[in-house]
Amino acid sequence: MNREVRVRFAPSPTGALHIGGVRTALYNYLFAKKMGGKFLLRIEDTDQNRFVPGAEDYIKESLEWLGIAPEESPWNPGDCGPYRQSERKSMYMQYALDLVDKGHAYYAFDTSEELEAMRERLTAARVVQPQYNSITRTQMKNSLTLSEDEVKSRLESGDPYVIRIKIPRNEDVRLNDMIRGWVMVNSSTLDDKVLMKSDGMPTYHLANIVDDHLMKITHVIRGEEWLPSAPLHVLLYRYFGWEDTMPQFAHLPLLLKPDGNGKLSKRDGDKLGFPVFPLDWTDPFSGEKSSGFREQGYLPDAFLNFLAFLGWNPGDERELFTLEELVEAFTVERIGKSGTKFDIAKAKWYNEQYLKIKPTSELAAFLIADAKKDGVNVPSDKIDSIVNLVKDRVTFPAELWKESRFIVVAPDSFDEEIASKKWNGDAVKVLGAYAVALDSYSGEFDAVSAKSLLESTAEAEGIKLGKVMQAVRLAVTGSGAGPDLMVVFAILGSTEVAKRIRFALSTLTVVA
RNA sequence: GGUCGAUUCGUCUAGGGGUUAGGACGUAUCCCUUUCACGGAUAAAACACGGGUUCGAUUCCCGUAUCGACUACCA
């Protein structure tokens, strides 16, 4: 049977999309493209209590920012809509009822108090795993224990009920995970999970299976947290009679905290000072703000590249991949099995790499925008040379302006520590002479000529240039470190350099 | 506790019965640079442990340990 590959990303709109979710989306996208199939998105909003306004838009915007937008989604529906489970509500009950008819599911009328009491009773009786299962269901209020008449009358009188799956007592359930191989679980460890909630909504498990089937999903690529319930899902496919089109499963390793142990959480990002979300997010209820990779200055292709390598590698030593190259190289087989600790240093490194290869014009846009925010206009004839001068020095685009501001805006103060150490008589002498030499200089003023003029000036004063070089830098830039000074001079032009030197000369005083 | 899963440098990982166990990030040192960064080079740094199987195990098997996920009318 040759079906078109269809994979889905199925997030819940319960807040900002976590970076682990983004990676899951990415792997789904890569797999779909690689296989010439389709990548779709389904919103799993069956829990009305956890719905967060704005979360869906956030998901959409995140994927679009990264260039991995789904081909079918709530906002761009295909033939398998709707793409929000809340809008598919009316579809689920018939499937649950089908299972009841087949004897694979049953009505349960237990109240939450009764369930709680049952668990307490079992715990008291030292039952290791208190759960609603083949043994305990015989003592609860459900259509297996109640008379047919009572069930009927309860149903008719509108008694709240759920529909639970009837897990067999002792049956081995096996599934062949694409990443982990055969996983076998005995049904005795599973419980009679709720399929339909009393509010008429399906639980994840039911909705997931029904929708994946209806949406013709061929491969389920999701986080490892779903592995324990995968056998339940296999059982559902079997009971529905859909085993022949059951998707293949691939359970992705989890993203872990960089320090210590555990799943990466929002808290970790705050604590360690890096984002765990793709975009900035403000919780609509608490007003709490979380920062995103995009706003921190991560480039989408760098972030994508970084993310792809969190748990996957191409098997050779290449590390820089465009989205297209990732698609080309991607295989599920090369996804790792073990949890991956999140390392922000690597993300920064990727960003630097991408910044280096970005066209000057794109980088210039960042520089111009940031300068503008600063109330400064960068002369257009100097932009390219400024960008080229500083782009190898920065991790984030915002640093472009920080690193080069001094070129456009003459310093009005000077690094005191450097001044106290380097501003001496020799420096003053050389600088004074250089300013004069600059006044009468008439050739092309580039880095080479700026340097040779400076060298000859120092020589004429009988002073070794190396001794005063940092003072020269200080005079013109206000600081003791920065990009190649002679290139800076060339960008500035001889007049401006002379002007700045004179300002420094009149401002700084020589300390013994 | 139970079920399932995982375990190679600090981190991401390659590898796989016989290797000087490879790369990258990070770290350190050196070179380049009359600064800082970039770049280049070098270095330190790993097969969780114990049993098997085998001529030989980091690699295969079994245990143990550790870590993780799950154990809701959440997904």
Side-chain angles (χ1 to χ4, degrees), chain A residues 10-14 44-47 49-50 85 108 110-112 115 119 123 126-132 160-164 177 179-180 183-186 188-191 193-205 207-208 222-231 251 253-254 256-263 306 309-319 334 336-350 352 356 390-395 403 418 422 451 454-455 458 464-470 472-474 477 479-486:
Chain A
S12 285
T14 55
E44 308 229 324
D45 54 352
T46 52
D47 185 3
N49 301 319
R50 295 212 307 161
Q85 287 183 331
D110 315 277
T111 63
S112 51
L115 289 171
R119 289 192 190 101
T123 308
R126 300 268 226 37
V127 172
V128 282
Q129 222 171 338
Q131 57 182 17
Y132 210 117
Y161 67 91
V162 299
I163 295 178
R164 288 180 180 271
D177 187 273
I179 295 174
R180 280 148 225 286
V183 176
M184 197 179 75
V185 149
N186 190 280
S188 63
T189 65
L190 268 28
D191 64 339
K193 279 268 181 297
V194 169
L195 264 19
M196 288 297 291
K197 299 187 266 190
S198 55
D199 65 359
M201 274 292 201
T203 58
Y204 168 85
H205 301 103
N208 192 263
R222 76 222 305 189
E224 192 188 329
E225 67 267 29
W226 293 110
L227 193 52
S229 53
H251 288 93
L254 264 11
L256 271 19
K257 297 173 190 291
D259 65 336
N261 311 112
K263 239 203 308 198
F306 164 69
F309 273 70
L310 247 31
W312 172 88
N313 75 85
D316 55 38
E317 283 168 5
R318 292 174 299 160
E319 298 210 90
R334 295 211 63 87
K337 292 178 172 59
S338 53
T340 302
K341 282 190 184 170
F342 186 85
D343 181 18
I344 197 66
K346 195 94 177 201
K348 287 184 179 167
W349 178 79
Y350 270 111
E352 287 162 6
K356 261 177 225 186
V390 296
K391 72 171 180 185
D392 286 351
R393 312 171 56 79
V394 303
T395 305
E403 281 281 311
I418 304 291
K422 305 285 182 180
K451 185 172 183 180
L454 183 58
E455 274 169 344
K464 285 201 77 171
L465 183 55
K467 295 209 162 168
V468 298
M469 200 57 187
Q470 224 172 350
V472 175
R473 172 181 292 281
L474 182 72
T477 71
S479 108
D484 191 316
L485 228 208
M486 294 306 130

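Protein chains get the first letters and strands the later ones, always in sequence-line order, with residue 1 at the start of each. Hydrogens, waters and symmetry mates play no part in the numbers below; they use all other heavy atoms, side chains included.
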What's the [atom1]-[atom2] distance between [X] and [N], to the nearest Å?
X        : N     : atom1 : atom2 : result
A/Tyr350 : B/G23 : OH    : P     : 16 Å
A/Lys257 : B/U66 : NZ    : P     : 20 Å
A/Asp484 : B/G39 : CG    : C1'   : 14 Å
A/Asn186 : B/U3  : CG    : C1'   : 10 Å
A/Trp349 : B/C38 : CH2   : P     : 13 Å
A/His251 : B/G68 : NE2   : C1'   : 15 Å
A/Leu190 : B/G2  : CG    : P     : 17 Å
A/Phe306 : B/A24 : CZ    : P     : 18 Å

Ring geometry between A/Trp226 and A/Tyr204 (parallel below 30°, tilted from 30 to 60°, perpendicular above 60°):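 Ring orientation of A/Tyr204 relative to A/Trp226: parallel.
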Touch class at under 4.0 angstrom, heavy-atom based, for A/Lys356 against every strand present: sugar-phosphate
Touch class at under 4.0 angstrom, heavy-atom based, for A/Met201 against every strand present: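 The answer is nothing, as A/Met201 stays clear of every strand by at least 4.0 Å.
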Could you list all N or O pairs between the protein and nucleotides 7-13 of chain B that sit under 3.5 Å apart?
| from | atom 1 | to | atom 2 | distance (Å) |
| --- | --- | --- | --- | --- |
| B/C12 | OP1 | A/Lys341 | N | 2.9 |
| B/C12 | O2' | A/Phe309 | O | 3.0 |
| B/U13 | OP1 | A/Gly311 | N | 3.1 |
| B/U13 | OP1 | A/Thr340 | OG1 | 2.9 |
| B/U13 | O3' | A/Asn313 | ND2 | 2.8 |

Side chains of [X] and [Y], heavy atoms from C-beta outward: is any pair under 4.5 Å?
X        : Y        : value
A/Pro253 : A/Arg180 : yes
A/Lys337 : A/Ile179 : yes
A/Val194 : A/Arg164 : yes
A/Tyr161 : A/Met196 : no

Heavy-atom protein contacts under 4.0 Å, nucleotides 69-75 of chain B, coded B base, S sugar-phosphate only, - none: SS--BBB
Separation between the [atom1] atoms of [N] and [M], rounded to whole Å:
N     : M     : atom1 : value
B/A46 : B/G10 : C1'   : 10 Å
B/G5  : B/G23 : P     : 34 Å
B/C67 : B/A48 : C1'   : 11 Å
B/G15 : B/G22 : C1'   : 8 Å
B/A21 : B/C47 : P     : 12 Å
B/U58 : B/U54 : C1'   : 15 Å
B/U64 : B/A45 : P     : 33 Å
B/A14 : B/C60 : P     : 14 Å

Check: A/Thr46 main-chain N/O paired with A/Lys197 side-chain donor or acceptor under 3.5 Å: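 Checking the backbone N and O of A/Thr46 against the side chain of A/Lys197, a donor-acceptor pair under 3.5 Å is found.
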Any donor-acceptor N/O pair, A/Ser12 side chain to A/Glu44 backbone, under 3.5 Å: yes
Does [N] have a Watson-Crick or wobble partner in any strand here, with both distances under 3.5 angstrom, and which is it?
N     : value
B/C4  : B/G68
B/A24 : B/U11
B/U19 : none
B/C32 : none
B/U53 : none

Interatomic spacing from NZ in A/Lys348 to CZ in A/Phe306 - rounded to 0.5 Å: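 Interatomic distance, A/Lys348 NZ to A/Phe306 CZ, rounded to 0.5 Å: 11.0 Å.
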Approximate separation, where rounding is to 0.5 Å, of A/Leu485 CG and A/Thr477 OG1: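 Nearest 0.5 Å value for the CG-OG1 distance: 6.0 Å.
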Side chain to side chain contact (heavy atoms under 4.5 Å, CB included) between A/Arg473 and A/Ile418, worked out: CA-CA 10 Å; A/Arg473 172 181 292 281; A/Ile418 304 291; over 6 Å; no
OP1 or OP2 of B/U34 under 4.0 Å from side-chain N/O of A/Lys451: yes
Set of residues satisfying ring pair (Phe, Tyr, Trp, His ring centres under 6.0 Å) with respect to A/Trp349, sequence neighbours excluded: none
Closest-nucleotide 5' rank along RNA chain B - winner of A/Leu485 and A/Ile179: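 In this pair, the answer is A/Ile179.
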